[in-house]
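Written below as structure tokens is the structure these notes are about.
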Amino acid sequence: MKNQQDYRRDIAEIRFMMERSSKFLSLSGWAGIMAGIYALAGLFIAYNVFGFNPDVIDYNTISTGSESFTLTEIITTAVLVLISALATAIYFSWKKAKNIGEKIWNATSRQMLTQMAVPLVTGGILIIVLILKNLVGLIAPLTLIFYGLALFNAARFTILEVKFLWEWYRLD
Amino acid sequence: MKVSVKERFFNDLHKAFESRIRLGIMSALAVNDLLDFNSLKEYLRVTDGNLATHLKALEKEKFIGIQKSFIGRKPNTKYYMTEVGKKAFNDHLKILEKLIKSQK
């Protein structure tokens, strides 16, 4: 017959399995901080070096700011920021996953990335269209909107969202 | 008298939840609407045969249901928790809670 220790272990096991199957435990805080630093560096370069400061939604094929910046350089900077942020995120998450004995590429991370990909890919396509149409002024605010939607989708895979779990075990 | 109450709790503990693996399957399905075989295998870290046996046992109890579909031509079986399963799992948690509290 089981004793109290066993029941406590059962509860711990249940909690652990709920967490493992629904949370991306390997998410690294450092990756987020580094991504922010890269973004600020990219912003500094775009604003100070290339003088990128679109304050109008531009319909003309001849861009108003074309005398002070070239779009190719801005886009290259943005792509470099994206690649470094992704590489850092993957590296830190991989390291953390190894530490806690998880695999970084598991069913939960696959689900989380699928959820994030929907708004990100939608936004990405829209922004490529905007670039091709020279509507430069709309790009920055729209990236933020779609990024926010992606995070909203991913939120339920992070540890902060415990409301649902809370419903399942109202144990102290 | 206290003992008899406790004994009743023990009898209430469902046989289906005695196995760690079955408890694990139910826990994972409690927080996920649908999970396929491979995801469950990854979470529980058990062999195919072992997992299949436990899934069959839970299915027999009508605690979990099966949803069959195809990805291209490959069959893809997904599992979900039935209402019966949800109730049983919740009751099990409540009993565990009571058992732990009664022994404090």
Side-chain angles (χ1 to χ4, degrees), chain A residues 1-27 93-94 97-116 118 153-172, chain B residues 3 6-46 51 54 71 76 78-81 85-104:
Chain A
M1 191 161 278
K2 287 176 166 183
N3 59 28
Q4 197 190 356
Q5 278 293 309
D6 288 318
Y7 296 129
R8 283 203 177 278
R9 217 176 300 143
D10 274 2
I11 296 272
E13 195 90 357
I14 290 168
R15 176 178 251 150
F16 176 68
M17 192 53 67
M18 283 176 158
E19 237 171 53
R20 173 191 269 173
S21 64
S22 62
K23 304 291 156 206
F24 185 54
L25 299 171
S26 315
L27 196 68
S93 298
W94 170 78
K98 222 172 94 181
N99 270 346
I100 59 173
E102 277 293 338
K103 273 192 251 161
I104 182 170
W105 190 239
N106 62 18
T108 313
S109 59
R110 275 197 296 277
Q111 260 192 65
M112 186 180 82
L113 288 180
T114 317
Q115 294 283 320
M116 284 181 84
V118 174
N153 269 353
R156 65 190 185 93
F157 296 102
T158 65
I159 211 84
L160 283 172
E161 175 60 70
V162 288
K163 224 172 89 192
F164 187 72
L165 291 175
W166 190 242
E167 292 224 325
W168 278 96
Y169 32 86
R170 268 162 261 140
L171 302 162
D172 50 8
Chain B
V3 177
K6 218 183 264 179
E7 221 122 78
R8 209 171 46 111
F9 279 147
F10 282 122
N11 294 333
D12 282 348
L13 278 177
H14 206 286
K15 269 264 190 298
F17 293 123
E18 250 171 35
S19 140
R20 274 276 147 77
I21 295 171
R22 275 177 232 177
L23 202 57
I25 294 170
M26 294 301 274
S27 309
L29 287 176
V31 288
N32 290 281
D33 293 342
L34 279 170
L35 283 175
D36 60 18
F37 190 88
N38 284 333
S39 303
L40 279 171
K41 202 175 91 179
E42 231 169 71
Y43 290 142
L44 293 151
R45 287 167 193 179
V46 287
L51 179 59
H54 286 296
I71 296 178
N76 185 7
K78 285 186 170 174
Y79 300 88
Y80 61 89
M81 210 185 221
K86 264 177 206 165
K87 199 190 167 297
F89 187 68
N90 259 339
D91 289 348
H92 186 74
L93 284 182
K94 270 181 204 143
I95 294 164
L96 281 179
E97 179 183 22
K98 268 185 206 157
L99 276 167
I100 289 168
K101 276 191 178 149
S102 73
Q103 286 172 26
K104 250 175 199 168

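Protein chains get the first letters and strands the later ones, always in sequence-line order, with residue 1 at the start of each.
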**Prompt:** Donor-acceptor pair, A/E13 side chain versus B/R20 backbone, under 3.5 Å?
**Reply:** no
**Message:** Could you report the tightest heavy-atom contact between A/Q111 and B/N32, atom names first, then the distance?
**Reply:** NE2-OD1, 3.8 Å
**Request:** Please state whether the side chain, the backbone, both or neither of A/R9 comes within less than 4.5 Å of a heavy atom of chain B.
**Result:** both
**Asked** Based on non-hydrogen pairs under 4.5 Å, which of B/L29, B/L23, B/D36 is most in contact with chain A?
**Response** B/L23
**Prompt:** Which heavy atom of B/S27 sits nearest a heavy atom of A/M18, and at what distance?
**Reply:** O-CG, 3.5 Å
**Prompt:** Would you call A/M17 and B/I25 a side-chain contact if the rule is heavy atoms closer than 4.5 Å?
**Reply:** no
**Prompt:** Of the non-hydrogen atoms in A/S21 and B/V31, which two are nearest, and what is the gap between them?
**Reply:** OG-CG2, 3.5 Å
**Interatomic distance, A/R20 atom CZ to B/R45 atom CZ [nearest 0.5 angstrom]** = 3.5 Å
**Message:** So, taking the atom named CG in A/D10 and the one named CG in B/L96, what distance separates them when rounded to the nearest 0.5 Å?
**Reply:** 5.5 Å
**Prompt:** Taking C-beta and beyond as the side chain, do A/I11 and B/E97 meet within less than 4.5 Å on heavy atoms?
**Reply:** no
